[in-house]
Amino acid sequence: MPSSDYPHREYFAERLLAWYRRGKRDLPWRRSRDPYHIWVSEVMLQQTRVETVIPYYHRFLERFPTIDALAAAPEEEVLKLWEGLGYYSRARNLQSAVREVKERYGGVVPDTKEDIATLKGVGPYTSGAILSIAYNKPEPAVDGNVMRVLARFFLIEEDIMKPGTRTVMEKLARSLIPDGEAGDFNQALMEFGALVCSPRSPQCLTCPVMERCAARHEGREDDLPVKKKAKPPRPERRLAAFIEGSGEHAGKVLIRQRPQEGLLARMWELPHILVEQGAGTTDDEAMRLLQGRLLQDETLDVLPQEPFMHAEHTFSHIHWDMQVYRCRLASADGKTGGALPELTPFHYRWMGHEEMEQYAFPNVFVRIFREAFKQG
DNA sequence: AACTCGGGGAG
DNA sequence: CTCCCAGAGTT
């Protein structure tokens, strides 16, 4: 159905805008008009809560205050500043896109939908957010908040996980934007979704548009939006080796860098293997598996000594159950035959405790190291 | 349309 | 526990 057929559109937009201007939060990125700053905030905010982003936003812009600064930075440093924030391709894409802006657009963030949408990591939501917030262009910025709010107020019962529903939402959201108020209105929608029209137990009693909310009238605000349930993460059992060096590597731990592509690309980690469910259930068998596979796959000759710790970590689609074993190198001189593994997808290196700040680790390994170093 | 890609906070 | 968050890219 055409967007113009939805009732109470003007009422909805005006009341929401007034509500926003009455009490909007003082967020760091709202203190800047720099399109680059807005851009950084929007990328960080993808699938990430406001409170989580704030400290990262400050650190990132302190180190990379301009497009030039980010474009010139070593990639490892960008990744390190992103450590713990997740979805690390965002960081790589952002730097790649910033370099593109420098080369192709003279360092000025483009202000047209066609140009900005070509930038890596800038999809339908982020392009609309930058265009509206930084340039006040009347483009919709439809995120999870906006879909929830629109689904409820206008009683849209389509599954919001379907791409077609997003198109409907974008058209409707575009038709709602009051003349000359795109930036504030789009932020009003998201702020409203975050603070009032929340996913669970929405605050209808304080809602500024409750009187004409279709879902509220039907008593169905708790049933909307319709969203198909995600598949549960598949379990993976992993065995990791905490290998302490001796001799010239005394006091150091062997770490490795993950491949360029895929999960946790280019981040550092403890050497570990994936084993079948049910395999290595006893520590004895697990240690044999670990020894055999590290030797076979990585030419890494270790002697597992004892169970060290246990860690679990859930990604969106995978659940890691990781058992860590304290290991020694098998070679008598403690130097793994002198050389670290080569001809594997990984890059190995010895790391002293004080060198952790030079490497970006997935959070599960940050936790493991913190615990290990606490034990001494 | 279905997967891949992190991590954490709230209830 | 479950849900989902100012999503994007790939197949």
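Applying the 6.0 Å contact sphere to CD of A/E62 captures no more than 12 heavy atoms from other residues, nucleotides or ligands.
For the pair A/K231 NZ and B/dC3 C1', the interatomic distance rounds to 8 Å; values are reported in whole Å. If you measure from atom CG of A/L195 to atom P of B/dA10, you get 13 Å, rounded to the nearest angstrom. Between the CZ atom of A/R266 and the C1' atom of B/dG6 there is a distance of 17 Å, given to the nearest Å. Between the CE atom of A/M267 and the P atom of B/dC5 there is a distance of 14 Å, given to the nearest Å. Atom CD1 in A/I318 sits roughly 9 Å away from atom P in B/dG6 (whole-Å rounding). The CD atom of A/E312 sits 14 Å away from the P atom of B/dG8 (whole-angstrom rounding). In this structure, CH2 of A/W82 is placed 13 Å from P of B/dG7, rounded to the nearest angstrom. What separates CE of A/M161 from P of B/dA2 is a distance of 10 Å, to the nearest Å.
Aromatic ring centroids of A/H313 and A/F315 lie under 6.0 Å apart.
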Practice task
Spell out protein contact along nucleotides 4-11 of chain C as letters: B when the base is contacted, S when just the sugar-phosphate is, - when no protein heavy atom is under 4.0 Å; keep the 5' to 3' order.
Solution key: BBBBSS--

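Residue order along DNA chain B, read from the 5' end via each residue's closest nucleotide, puts A/E261 first among A/R367 and A/E261. Summary of the strand contacts: A/R234 and A/G164 both lie near DNA chain B, and taking for each the nucleotide with the nearest heavy atom, the more 5' one is attributed to A/G164.
Taking atom P on both nucleotides, B/dC3 is separated from C/dA6 by 25 Å, rounded to a whole Å. A distance of about 23 Å separates the P atoms of B/dC5 and C/dC4, rounded to the whole Å. With P as the reference atom, B/dG8 and C/dG9 are 24 Å apart, rounded to whole Å.
Between A/H313 and the phosphate of B/dG6, there is no side-chain N or O to OP1/OP2 separation shorter than 4.0 Å. Between A/H317 and B/dC3 there is no side-chain N or O to OP1 or OP2 distance below 4.0 Å.
Put simply, the residue from A/R220, A/R152, A/K162 that forms a salt bridge (Lys or Arg N to Asp or Glu O under 4.0 Å) with A/E157 is A/R220. Under the ring-ring contact (aromatic ring centres under 6.0 Å, His included) test applied with A/W82, the options A/F60, A/Y57, A/Y87 reduce to a single match, A/F60.
Listed for the A/K80 side chain is a donor-acceptor partner under 3.5 Å among the backbone atoms of A/Y359.
Counting non-hydrogen atoms under 4.0 angstrom, A/L264 reaches the backbone sugars and phosphates but no base.
Salt bridge A/R328/A/E306: absent, no basic N to carboxylate O contact under 4.0 Å. One finds no salt bridge joining A/D159 and A/K227 here, because no Lys/Arg side-chain nitrogen approaches an Asp/Glu carboxylate oxygen to under 4.0 Å.
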